[in-house]
Colleague: 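Input: one structure, supplied below.
Proteins get letters first, then strands, A, B, ... in listed order; numbering begins at 1 in each.
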Amino acid sequence: MDFKKIEKKWQAKWDEAKIFEANVNPKKKKFFTSIIIPYVNGNIHIGHSFTYTRIDAYARFKRMQGFNTLLAEGFHATGEPILGAIERLKKNDKSQIETFKMYGATDKDLQMFKRKGPEFAAKFWMEKIIESSKLMGFSVDWRRKFVTAIDPAFNRFIEWQYNTLRKKGYVIQGTHPVIWCLHDQSPTGDHDRLKGEGESPTEFVLLKFKLESGEILPCATLRPETIYGVTNLWVNPAAEHVKVKIDDETWIISREAVQKFKDQLKDVKEIGIISGKRLIGKSVRNMVTNQRIPILQGKFVDPATATGIVMSVPSHAPYDYVALKELGVEIEPISVIKVEGFGEHPAIEVSEKLGIKSTKETEKLDDATSIVYKKEFHTGVLREITGKYAGKKVSEVKNELIEDFVKQNVADKIWESSNLVICRCTNRCHVKILENQWFLKFSDKEWKNKVKQCISQMKFHPEESRIQFLNTVDWLDDKACARKSGLGTRLPWDKEWIVETLSDSVIYMAYYTIARTINENKISAEQLTDGIFDYVFLGKGNLKELSKNSKLNEKLIRGMREEFEYFYPVDLRNSAKELVQNHLTYALFHHVAIWNDPKYWPKAYGVNGFVTVSGEKMAKSKGNIIPLKNLVEKYGSDIVRINIATANENMDDADWKEDSLKTFSSRLASLEQLVKNLKRAKRKSVNNLDSYMESVLQNCIKGATENYETMKFRSGVQYSIFQIFNELNYYIERCDGIKGCNQGVLKNCLSAVVSLIAPFTPHISEELRYNLGHKDFISLGPWPSFEDKKIDKNILELENIFKKTLEDLAKVLKLAGKKKNAYLYFVTDKELNYFKDPVAYLQKMFDFKKIELYKSSDRNKYDPENKSSRAKYGRPAIYLE
RNA sequence: GCAGGGGUCGCAUAGUCUGGUCAAUUGCACGAGGCCUAGGACCUCGCGGGUUAGUCCCUACGGGAGUUCAAAUCUCUCCCCCUGCACCA
């Protein structure tokens, strides 16, 4: 079969007939869904194929069922990636050039990217994605496309969205600690890090120690309770330290810590420099216990960590104990915490047990630290020495203790990541508190409850994902919704902030409903005032006035309102499971915030797994990211579509296996053969076998339809291809070849199969339906209807008894060797009579000379071994000789 | 650490909610045979162990314990794996 030729042909016909352009039609029920917008820094690849094909298949399924179906697609350019990509391209980054080329850009294109910049590249990839989507046969209404961050009209829509949210009090301003790169002047997200993935800002306590001269040495710790056990401080003699004025106090901190404090909103004034060396040997006063303790040299102290000053608690911190020993200083450890299973000094015990000799054995020391810390935190009880906290558990008293210390001004706080974070630019990051950051108030209880109400009204495919959404709603906290860099829409009231990428792609589905009008009439952004959007989406305002102010004619505005009213809400949104915790849930938050009336809230969500390739995760380094275009050019789209769409269901990962392609192509080829040979089916009469086939067909229609409905395509296709094919083969064989089949029955079956697989193989289905004599588009239906009355349960049962008997005969023959004659004994007349027809078939199949059928109660039967006594209903007894 | 999802006969998958009809579905791989316009396909059978004229028995669904006449399926516990954890698409 020439898949590619067939595909080209039908894609052209669809285009010409505009069958995927969905318009308002009050007489028809609508179905509205959209593809998750792809990011435009490359073409769509095999990773997109699963989600996209599932959505397209579902849209096609609904269209065939008679829904006026709108499948829309837009494009995403918000954020950093395309900027970064062009940046790298300009630096002739090899991997970036390779990536672009893999997706089909030529050298000339790359030159243009460099010359014309990110917006040009974004639009270039948009066109490539559209081309690939068409090759795949996605049934998209392209009149409604847009690019976020680049289309001025869309950006205006985002402005309206945020103005609306702000009016309702859902956008708030706040301060927030982030991991920050000084060099890039931006927050360093997980994937922007060379080192330190998963690290997040943690609040450390700063305990103050006072020099005799009055300056304060602050030490950062997560274990302020050990202040009672501090024996000394550690300072790196090689590091430069700075005297700074903070509030009314003078602090001494490492050079590296100065910027950190500035970034954490402390008013820091540098007033002098002091080397680490000069601090060593001095003594400080522990401001909690009033004890004097020495400052010792600690070469292991990293001046870039926290304040560069470290307090030493040898009884409870393995590092400190080992360092003291290494230094050869005799200091009496002070025990603060009593822990079951340990003696006075847990840190010493553990260090010795692990045989740690040097501060350089960091791995062992980290182990030891974590053992001691966990044990002490969860089960440790504070000793007498801690005064008012004595007898309490560490875990219970910690917060109280911190509050007390801060109140007494013997402690302060500092944000720091627990482990080293290095930015991709190779700079070391620290924590910065961002001021005046704009947040979506996802922590709002009432807002959360509204989302939960929305979830309770929705359908989820698979149903198991519902609980994940509910958990996400509970877990979600305020979400920073704007950044200072990247492409995007500026917050209308605070222009230095740009709405970030997960926050401007949550209600764009509404924009599709009016994008056609905007695109076709070239409506400018300026004309799209908040008033217009209020009218179109919320039904507010006076049409005449709006028309006058915006210079848009009334009909146009009313048309947009009608189109929105007709197509909204979203009937299905489907994505991979990684978006559950963000995009999909955010979309619910925004919908319930903007539209009070639940009738505009999303109706159903679908969630699926990731795509793996031959069992492996996709990765650039593995070279297994295949552009969809390449796959389609190699195999044809229908085969690719059905192979990936049925690779898995529920939330399991879908594995792309090239091996299984041939399973589908051979099935489709034999389907084509059957269609071609249909006219050779000559039998006019109708027999039991025909009713059997009709009954089986009905079951398959039912099974396929029900499974498709909940996006269980793998199970659905089990019916629509595999089961039906096996039954068809059986039917044809029992009819003694295609010429013995009833043409009407066969045609009916073939038409049904062609329709049932059309959501996955639309091109081939169009072709075969045409060959079957229909002149309409199968893409527009009809969907095979399930008719219960066509199922003959009696015949189904009897034919299955017959099949079972075939198996039994084969087994017996295998064990007993070849036989000449067969005798079958039945309990009921019903079975006996049913078996009369296929006697010839049995004879031919097993090469018997003679077959005789008896009622087991028949006195005149031939039964030398009394086999007939074994006959049961549903299982005739067998005697062979 | 927090949250969610899992561990089934070589691999992958169904079955678990609603205990029995489950030695357990389906695809791939593998083995035997058949077929052809000898290109790979296609068809039939087998694929835990033993046994039989279509049968029956034993051992089995991550480990262990329990509930029950009966457990892959329910309860408890342990071990292991995967995913997400935010200013990032």
Colleague: What is the pairing partner of B/G4, taking Watson-Crick or G-U wobble pairs with both distances under 3.5 Å in any strand?
Modeller: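 Pairing partner: B/C82.
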Colleague: Just how far, in rounded Å, is P of B/G15 from CG of A/Asn707?
Modeller: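 From A/Asn707 CG to B/G15 P: 11 Å.
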Colleague: Which base sits across from B/C74 as a Watson-Crick or G-U pair, both distances under 3.5 Å?
Modeller: B/G66
Colleague: Please report the distance, rounded to the nearest Å, between CH2 in A/Trp656 and C1' in B/C28.
Modeller: 16 Å
Colleague: Can you identify which nucleotide, out of B/G5, B/A86, B/A53, has its nearest atom closest to the A/Gln468 side chain?
Modeller: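 Within the option list, the nearest is B/G5.
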Colleague: Is the number of heavy atoms from other residues, nucleotides or ligands within 6.0 Å of OH (A/Tyr719) greater than 12?
Modeller: no
Colleague: Checking base pairs now: Watson-Crick or wobble, both atom distances under 3.5 Å. What partners B/A14?
Modeller: none
Colleague: Which whole-number value in Å describes the distance from A/Lys577 NZ to B/G6 P?
Modeller: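 Between P of B/G6 and NZ of A/Lys577: 10 Å.
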Colleague: With sugar-phosphate meaning primed atoms plus P, OP1 and OP2, does A/Ala877 contact a base, only sugar-phosphate, or nothing at under 4.0 Å between heavy atoms?
Modeller: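 Base, at least one base atom sits under 4.0 Å.
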Colleague: Within the pair A/Arg875 and B/U55, is there a side-chain N or O less than 4.0 Å away from OP1 or OP2?
Modeller: yes
Colleague: Among B/A86, B/A53, B/A89, which nucleotide sits nearest the side chain of A/Glu500?
Modeller: B/A89
Colleague: Taking any strand in view, what nucleotide pairs with B/G46 in a Watson-Crick or G-U wobble way, both distances under 3.5 Å?
Modeller: B/C30
Colleague: With the side chain of A/Asn471 defined as its heavy atoms from C-beta on, choose the nearest nucleotide among B/A53, B/U55, B/G4.
Modeller: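 Among B/A53, B/U55, B/G4, the one nearest the side chain of A/Asn471 is B/G4.
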Colleague: Take atom CZ of A/Arg714 and atom P of B/A14, then tell me their distance rounded to the nearest Å.
Modeller: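 Distance check: A/Arg714 CZ to B/A14 P gives 7 Å.
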Colleague: Output the rounded distance in Å from CZ (A/Arg193) to C1' (B/C85).
Modeller: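 Rounding to the nearest Å, CZ of A/Arg193 and C1' of B/C85 are 12 Å apart.
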Colleague: Mind checking A/Glu578 for me? I need base, sugar-phosphate or nothing, with any heavy atom below 4.0 Å counting as a touch.
Modeller: nothing
Colleague: Could you please name the option among B/G84, B/A89, B/U13 that lies closest to any side-chain atom of A/Tyr39?
Modeller: B/A89
Colleague: Would you indicate which nucleotide in B/A86, B/U55, B/A89 comes nearest to any side-chain atom of A/Asn582?
Modeller: B/A89
Colleague: Could you give the CG-to-P distance, from A/Asp808 to B/C45, as a whole number of Å?
Modeller: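 Value for this atom pair: 13 Å.
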Colleague: Quantified in whole Å, what is the C1' atom distance between nucleotide B/G1 and nucleotide B/C76?
Modeller: 25 Å
Colleague: Nearest to the side chain of A/Lys819, heavy atoms from C-beta on, is which of B/U83, B/A89, B/A53?
Modeller: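 From the listed options, B/A53 comes nearest.
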Colleague: I'd like to know whether the aromatic ring centres of A/Tyr862 and A/Tyr854 sit less than 6.0 Å apart in this structure.
Modeller: no
Colleague: If you measure from the P atom in B/G48 to the same atom in B/U26, how many Å do you get, rounded?
Modeller: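 These two P atoms come out 13 Å apart once rounded.
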Colleague: Can you figure out which of B/A86, B/A53, B/A89 approaches the side chain of A/Tyr586 most closely?
Modeller: B/A86
Colleague: Rounding to a whole Å, what distance do you find between A/His76:NE2 and B/A89:P?
Modeller: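 Whole-Å distance recorded here is 8 Å.
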Colleague: Looking only at the side chain of A/Ile467 (C-beta and beyond, no hydrogens), which of the listed nucleotides B/A89, B/G5, B/A53 gets closest?
Modeller: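 The closest nucleotide is B/G5.
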Colleague: Are A/Lys803 and A/Glu727 close enough, and set up right, to give a salt bridge (Lys or Arg N to Asp or Glu O under 4.0 Å), and what steps lead you there?
Modeller: CA-CA 11 Å; A/Lys803 278 187 174 178; A/Glu727 296 289 358; 3.2 Å; yes
Colleague: Given the P atoms of B/G27 and B/A14, what is the spacing between them in whole Å?
Modeller: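 Between the two P atoms, the distance is 15 Å.
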Colleague: Whole angstroms only, please: what is the CZ-C1' distance between A/Phe377 and B/G1?
Modeller: 11 Å
Colleague: Let's test this: given Watson-Crick or G-U wobble pairing with both distances under 3.5 Å, identify the partner of B/U51.
Modeller: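 Across any shown strand, B/U51 pairs with none.
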Colleague: Between B/G64 and B/G10, how far apart are the two C1' atoms, rounded to whole Å?
Modeller: 27 Å
Colleague: If we ignore hydrogens and angles and just use 3.5 Å, is the side chain of A/Lys452 paired with the main-chain N or O of A/Leu470 as donor and acceptor?
Modeller: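 Looks like no, no N/O pair under 3.5 Å.
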Colleague: Counting only heavy atoms not in A/Lys459, do more than 12 fall under 6.0 Å of its NZ?
Modeller: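 It does not: A/Lys459 NZ has 12 such atoms or fewer within range.
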Colleague: Is A/Arg54 positioned over the aromatic face of A/Phe50, cation under 6.0 angstrom from the ring centre and no more than 45 degrees off axis?
Modeller: yes
Colleague: When you compare B/A29 with B/C11, how far apart are their C1' atoms, in angstrom units rounded to a whole number?
Modeller: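 Each nucleotide's C1' atom is 8 Å from the other's.
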Colleague: Which of the following nucleotides, B/A89, B/U55, B/A86, is nearest to the side chain of A/Leu476?
Modeller: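 Within the option list, the nearest is B/A86.
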Colleague: If you count heavy atoms of other groups shown closer than 6.0 angstrom to NZ of A/Lys484, is the number above 12?
Modeller: yes
Colleague: Out of B/A89, B/U26, B/G4, which nucleotide sits closest to the side chain of A/Gln718?
Modeller: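 The answer is B/U26.
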